[in-house]
Amino acid sequence: MNTDPHATDYVRFHPERCTGCADCLKVCPTRAIRIRHHTSVRFVDLCIGCGACIRVCAAGAITAAAAKPETLVQDHVAIALVSPVLYAQFPNAMPRDVLLGLRQMGFHHTIDMSIFLEMFQFAAAEFIRRNRESQSAPWPLISPVCPAVVRLIAFQFPSLLPNVLPVLRPVALMAREVRERLIPQYEARGRRVIKYYINPCPTMAVSPTDGMAAARKHPAIPIGINEIYPELKHRIEGILKEVSAFAEPQLEFETCATGNAALVAMSGGEIASMKIEKSMAVPGLKETIEYLQKIEMGLFQDVEYFEFRTCREGCLGGVLTAVDKYMAKSNVQRMLHIYGLGRRVPRNTILRLYEKGRFQPEQSAAGLTRLFGDRKPALTLEQMERIEALLEQVAGWNCGACGAPDCRTFAEDVVRGQAQMDDCHWQERGGAPPTRRPVK
Amino acid sequence: MASLQKSFPIVARDFVHAGEASIHVQSILKAMRMDPALIRRIAICCYEGEMNAVIHGGNGQILLAIEADQLNLAINDDGPGIEDIERAMQPGYSTASEEAREMGFGAGMGLTNMKNNADAIHIDSAPGQGTRVTMRFALPSPAEGP
């Protein structure tokens, strides 16, 4: 757990750059931000790593906690796990050029995600097919791919944790394959190996559903795409100028030969190549929350699978991308024309792995509930009464001047002993503002 | 004895804001960190009740009352009232308008879902006299915990 009030596991605040605009205050979906003394942003737990505050901060005072490329030290074997979003940043380069560029930058291995996506999609569809008979999980099932969505569910919609599809995410499959097949080769020779995950979001390589034990043993260090973009662009320009003979990659998952991977970076791309009867893709933070609310109230039980992404347009709209999401989307559409969609893994192979339980996450829904359940103390009935009474005394305008995003959150903070009633500006002026509206 | 009482208005035929009152109810239960499965049951009942009031016309309100060992939810509306309560409780029976059905509501499962998810339900209604649906949920004592 992070004890620095100016940082969470996923984002970091830089006080010297803050202009005090407070734009970040209201965009946080879990109301984790408080502002003290005008320009001091504090995070009070419950960050899901969606990056909404990074996106809205024009001053650059909130950044991802991800690593900078200069931390790529030379005394170890660096393995890059590559999010397909990276390919969409370079309109004229082929995926193999992008991967070669990364190797020129000093990564010893560059792992492409497409094979793992394909396996995930087939395994997910297989689970859904079987669930029609067994009804072992409730409908609609929810994609585990976006870790910010899984954390959002764990914190704010815990009753929907059983709906999260219990199949390992593509990046978890990728990390495991590297852990089992690549790392031992080096460790046998006494070399140290570090995995990096080059990706468009601050949510880190590990999602709560991945199975923590193994992931903790060999964590992947996240690097934002925007951090490596300038150097990689330069390398790729060099590669494109000459017809280069490049070292053939060692393993089958070190190349990318189909458009499938790029498609998944786009909203709707995950479900596009899954054989499911009724599915829906919902990108965007606000939209995701709205739909989760509806699912919690019992709607959409006729839908088999929801693909949620907290970013608009899906991962192409991630906060740590280098080119705009619509340009990236155009690049993906072009890649689809050039490569088409294809299959690289025999279905029987995936089915065999499925039967062996190779797609099953360690962490069950009940386990996740326990994992997240204790983060914030429950409010008692007496405290709830006090909150309602306090709400009668404050303006109810949700002005945010107190440093909390809205009046209810402020009243909660007061009751929890984390704020004083005097922090409310209307209190300071001796009572309620000119007109009052009830706070819900 | 501590208790929390709160009311939320429902506006008839306002399909745009329909469901908001239920979301507010849930946010209170979530702040108290009630058992997720229980929250889900209350959420379903609350939403179905709110939608009934929205669909069948007549403004109304949701009354939430939380006590140490139980939670009561009342959904009252000034709508046309229910002619035959027993029939209205049948799964699939619906008197919803064409407008509501076109929007995907009015499948006739509302009262059935409420009955299945509440620990107790009471409906008080007559033609021209509005409808008052009261539901009770038992709360586990803190010692037992979820």
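Chain naming here is simple, since letters A, B, ... match the order of the sequence lines and numbering starts at 1 in each. Predicted model, so just to flag it, every value in this text is computed and none were measured.
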Extract all donor-acceptor atom pairs below 3.5 Å that involve side chains of residues 283-297 of chain A and protein atoms in other chains or at least two apart in sequence.
unit_1 : atom_1 : unit_2 : atom_2 : d
A:E287 : OE2    : A:R312 : NH2    : 3.1
A:T288 : OG1    : A:G284 : O      : 2.7
A:T288 : OG1    : A:R309 : O      : 3.3
A:E296 : OE1    : B:K30  : NZ     : 2.8
A:E296 : OE2    : A:S159 : OG     : 2.8

>> For A:L160, which atoms come within 4.5 Å of any heavy atom of chain B: side chain, backbone, both, or neither?
In response: side chain
>> Quick check on B:Q70: does its CD atom have over 12 non-hydrogen neighbours (other residues, nucleotides or ligands) under 6.0 Å away?
In response: yes
> B:R41, B:E48, B:R40, B:Q5: which one forms the most heavy-atom pairs within less than 4.5 Å of chain A?
Replying inline: B:R40
>> Taking side chain as everything from C-beta outward and backbone as N, CA, C, O, which of these in A:Q383 sits under 4.5 Å from a heavy atom of chain B? Side chain, backbone, both or neither.
In response: neither
What donor-acceptor contacts under 3.5 angstrom involve side-chain atoms of residues 78-85 of chain B, with partners at least two apart or in another chain?
unit_1 : atom_1 : unit_2 : atom_2 : d
B:D84  : OD1    : B:E86  : N      : 3.2
B:D84  : OD1    : B:R87  : N      : 3.2

> Can you tell which of B:I39, B:I23, B:I42, B:L38 has the highest number of heavy-atom pairs within less than 4.5 Å of chain A?
Replying inline: B:I23
>> With rounding to the nearest 0.5 angstrom, report the CG to CG distance, B:L29 to A:L379.
In response: 12.0 Å
>> As an exercise: rank B:N117, B:N113, B:I66 by heavy-atom pairs under 4.5 Å with chain A and give me the winner.
In response: B:I66
>> So which residue, B:C45, B:A43, B:A21, ends up with the most heavy-atom pairs under 4.5 Å with chain A?
In response: B:A43
>> Could you measure the distance from the NZ atom of B:K6 to the CD atom of A:E385? Nearest 0.5 Å is fine.
In response: 12.5 Å
> What's the shortest heavy-atom distance between B:M32 and A:A378, and which atoms?
Replying inline: O-CB, 3.4 Å
> Do other residues, nucleotides or ligands put more than 12 heavy atoms under 6.0 Å from B:K115 NZ?
Replying inline: no
> Is there a side-chain contact between A:M384 and B:I28, using heavy atoms and a 4.5 Å cut-off?
Replying inline: yes
> Tell me, side chain or backbone of B:Q26 under 4.5 Å from chain A's heavy atoms, or both, or neither?
Replying inline: side chain
